[in-house]
Every structure is written in structure tokens, then in C-alpha cells.
Amino acid sequence: MSAVHCAGHWSLSRHRYGHRRELAHRGHNVTLVARREELLQSLADEISAKHGVTADVIACDLADAADRAKLIEKVHRNGRHVDVLVNSAGFATGGRYVSSDADREVEQVRVLVEAPVALTSAFLPGMVERHQGAILNVASTAGLQPMPWSTGYSAAKAHTVAFSQALSAEVRREGITVTALCPGPVKTDFWEVAGDQPIEKAMPRLLWRSPAAVAKYGIKSLDRGHRLAVPGLAVRLLTFGGSLTPTGVKLAMFERSMRP
Ligand SMILES: NC(=O)c1ccc[n+]([C@@H]2O[C@H](COP(=O)([O-])OP(=O)(O)OC[C@H]3O[C@@H](n4cnc5c(N)ncnc54)[C@H](OP(=O)(O)O)[C@@H]3O)[C@@H](O)[C@H]2O)c1
């Protein structure tokens, strides 16, 4: 069994656990993908030593279509049958959309939308042929409703949620599961990369989850074939409340609470 984990160093630097460790722990050989090769290699060495699995490293800028094509070719050349695909790489823009960096907004769509779509198209046919496989797409609670001041990010994550759910219904009978993992806030480098985001301060402590807990929940949900997985009881309750609230009311609440 092989798993391709597309970035989301949900553990790489300071964080001690992640999807990759969870997958390796279950005996999957893993292919680790992100841009910073050195960090990936040290994680791969640690995973192989600890779990006795093969951990390949492929440096790739997932925003770049040519780089993605090379990634897909390398995975095939390495002779890996991908049974689990984890699309986790990401970052967030935020703030007033009209003043945001146009190139960064487009890059966000490339990494959060284009890359998971391209990789799914590349690896799903093999899963269908073998009648087994699982795809874990890391979305966000931000994808469960439109969020002013996080316009581009919440829209990209809404794509992930809709794409995962629709696809899961298409391939369910072929023994393949597709899960959209929708975490609330998690303490990772994500917040440093995003810069000063008012939403970070607006989030009560109760909602924050550790990377380890989120990774564990994600893999458990993948095992169970859940279409949608929201880690943390408090976040789940909020999400449920949100689903009962009219969109206009939610927009007004987010616009006010997240205004920079
Ligand atoms: N942290 C949160 O509060 C939170 C909440 C909900 C959802 N999420 C989602 O969780 C996922 C993982 O984020 P995280 O919290 O683990 O953030 P993180 O610690 O900043 O990790 C993001 C990862 O994405 C990789 N990446 C970014 N751009 C890339 C690119 N162009 N090509 C290849 N890899 C790229 C980065 O690796 P390189 O820089 O080496 O490429 C990094 O390892 C993201 O999709 C994020 O939207 C996070």
C-alpha cells in the first residue's frame, strides 16, 4: 500500500505528528510532497526509521502545472500504486479583497483547487481499477460558508468540500472513499504564513485543536469512509449551528467579527 501526502507539513517543523506519521504508523509506504526538500527528507528519514516503511520525497511546487506533471510521472516511475492520496498543502490569504495581492490570490486557487483536482485525476483511475483507495482532502470550516475578509480562502475551501462530497458519491460503489476534512483553527505554521489575521485572535481557545488530534481524526474518518469530517466537539456544534443559520445572518456576523 502506498500513500501520497501532498504537503501540509502538519507536523514537519515544530509539530510532532501528522497525517504522514499516521499513515506510516499503519504500514503505508509514503511519498512526501512539498517545496522544501530538506525538511521533507528529514521527516522521511524519521518515518522510515520509526515505522520501517519506505518514505519517498518529491520536491514540487504544487502551484506549477509543469512541476505537478513531473511529480505524477515520478510517482509512477517509482512504481508506486497510490491507494491513499492526501491533499493538504495550503495557505490562506485574508483581509480586504480589493487590496489583496492579485498574484497570491491566484496562487491560492492553484494550490488549494487546481492541484487537488489534477492529482485526483492522476491517481483516481488506478484506485478504480484496483477497487480500493481513499482520498483525504484537507478543507476547513472556512469552506462551509462564505466568509467576508477571507473571501478567496473560504471560496477555495468551499470547492474542496463540494468536490470531495460529490466525488465520494460517484466512487463509493467502487470501494473508494473521499473525505473532506474540515478543521477549525490548528496551531501550525499556517498562521505565520498567513500573517496578521484578525480571525486568529477572534477564535476562542476552546476551538483550537492540536495537529496530532486533527491528523488522527482525519485518518479515522478516512477509515470510516466519512464524506465530511469536522474535528472537535465544539467546532462540530458551531458548524451545526451555522448550518441552521441563514446565509445573510452569517455573512453579517463574519463581516463584523473579522473586519480588520
Ligand atoms: N492551521 C489551521 O488552522 C488550519 C485550519 C483549517 C484548515 N487548514 C488547512 O490545512 C492544510 C495544511 O495546513 P497547515 O495548517 O499544516 O499549514 P502549514 O503548517 O503552513 O503547512 C502548509 C504546507 O503546505 C505546503 N505548501 C504550501 N504551498 C505549497 C506549494 N505551492 N507547493 C507545495 N507545497 C506547498 C508547505 O510546504 P512548503 O512550504 O515546503 O512547500 C507546508 O508544508 C491547509 O490546506 C490549510 O488550509 C489549516
Side-chain angles (χ1 to χ4, degrees), residues 4-22 31-44 57-71 86-94 103-104 106-116 118-119 136-145 147 150 152-161 163-164 179-195 197 199-205 207-215 217-218 228-232 235 238-239:
V4 170
H5 190 295
C6 289
H9 296 192
W10 216 319
S11 61
L12 198 57
S13 40
R14 287 182 261 131
H15 315 298
R16 299 301 305 155
Y17 300 96
H19 293 113
R20 303 158 204 219
R21 285 186 174 85
E22 281 291 321
T31 298
L32 310 178
V33 181
R35 291 166 301 182
R36 287 169 293 172
E37 193 166 6
E38 266 176 41
L39 287 176
L40 286 179
Q41 193 55 59
S42 68
L43 179 61
V57 162
I58 302 179
C60 172
D61 181 353
L62 290 164
D64 184 308
D67 229 19
R68 283 197 310 260
K70 281 188 216 150
L71 157 71
V86 180
N87 287 306
S88 174
F91 65 87
T93 58
D103 290 340
R104 190 70 169 155
V106 171
E107 187 188 351
Q108 178 173 249
V109 174
R110 293 206 171 115
V111 176
L112 298 189
V113 178
E114 213 179 84
L119 296 176
L136 181 67
N137 290 323
V138 182
S140 166
T141 46
L144 299 174
Q145 68 283 301
M147 283 172 60
S150 191
Y153 181 69
S154 67
K157 291 298 187 184
H159 177 279
T160 311
V161 172
F163 181 72
S164 307
T179 305
L181 176 64
C182 294
V186 189
K187 271 280 169 225
T188 67
D189 294 345
F190 177 85
W191 296 100
E192 272 159 49
V193 176
Q197 297 280 347
I199 190 171
E200 185 181 4
K201 289 162 197 117
M203 296 278 196
R205 266 177 95 104
L207 300 182
W208 288 83
R209 306 288 293 162
S210 72
V214 172
Y217 191 85
L228 191 74
V230 180
V235 180
L238 262 187
T239 302

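Just follow the structure's listing: the first ligand is 1, and inside any ligand the first atom is 1.
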For atom 33 (C) of ligand 1, tell me which residue out of Gly184, Cys60, Gly143, Ala89 has the closest non-hydrogen atom.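 Among Gly184, Cys60, Gly143, Ala89, the closest heavy atom to atom 33 (C) of ligand 1 comes from Cys60.
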Could you check if a side-chain atom of Pro185 sits within less than 4.5 angstrom of a side-chain atom of Trp191, using non-hydrogen atoms only?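 They are in side-chain contact.
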Compare all side-chain heavy atoms of Leu181 with those of Pro231 and state whether any distance is below 4.5 angstrom.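 SC-SC contact between Leu181 and Pro231 confirmed.
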Provide the number and element of each atom of ligand 1 under 4.0 Å from a heavy atom of [X].
| X | value |
| --- | --- |
| Trp191 | 1 (N), 2 (C), 3 (O) |
| Pro185 | 3 (O) |
| Tyr153 | 7 (C), 8 (N), 9 (C), 46 (C), 47 (O) |
| Ser140 | 6 (C), 7 (C) |
| Asp61 | 30 (C), 31 (N), 32 (N) |

Testing the basics here: between Thr93 and Gln108, what is the closest heavy-atom pair and its distance to 0.1 Å?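 Smallest interatomic distance, heavy atoms only, reads N-OE1, 2.8 Å.
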Is the count of non-hydrogen atoms from other residues, nucleotides or ligands lying under 6.0 Å from Gln41 atom CD greater than 12?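 Buried by this count: over 12 neighbours within 6.0 Å.
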Is any N or O atom of Phe190, backbone or side chain, closer than 3.5 Å to an N or O atom of ligand 1?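 Yes, since at least one N or O of Phe190 sits under 3.5 Å from an N or O of ligand 1.
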Do any nitrogen or oxygen atoms of Leu62 lie less than 3.5 angstrom from nitrogen or oxygen atoms of ligand 1?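 For ligand 1, there is an N or O atom that lies under 3.5 Å from one belonging to Leu62.
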Is it true that [X] lies under 4.0 Å from ligand 1, counting heavy atoms only?
| X | answer |
| --- | --- |
| Glu192 | no |
| Ala115 | no |
| Ala139 | yes |
| Ala92 | no |

If we check side chain to side chain contact (heavy atoms under 4.5 Å, CB included) with Leu119, which of these qualifies: Leu62, Asn137, Val86, Val33?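 Filter result, single survivor: Leu62.
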Heavy atom under 4.0 Å from ligand 1: found in Val111's side chain, backbone, both, or neither?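 The side chain, only.
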Indicate, as side chain, backbone, both or neither, the part of Lys157 found under 4.0 angstrom from ligand 1 when only non-hydrogen atoms are considered.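 Looking at Lys157 and ligand 1, just side chain atoms fall under 4.0 Å.
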Salt bridge between Arg110 and Glu107, side-chain N to carboxylate O under 4.0 Å?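 Result for this pair is no, no salt bridge flagged.
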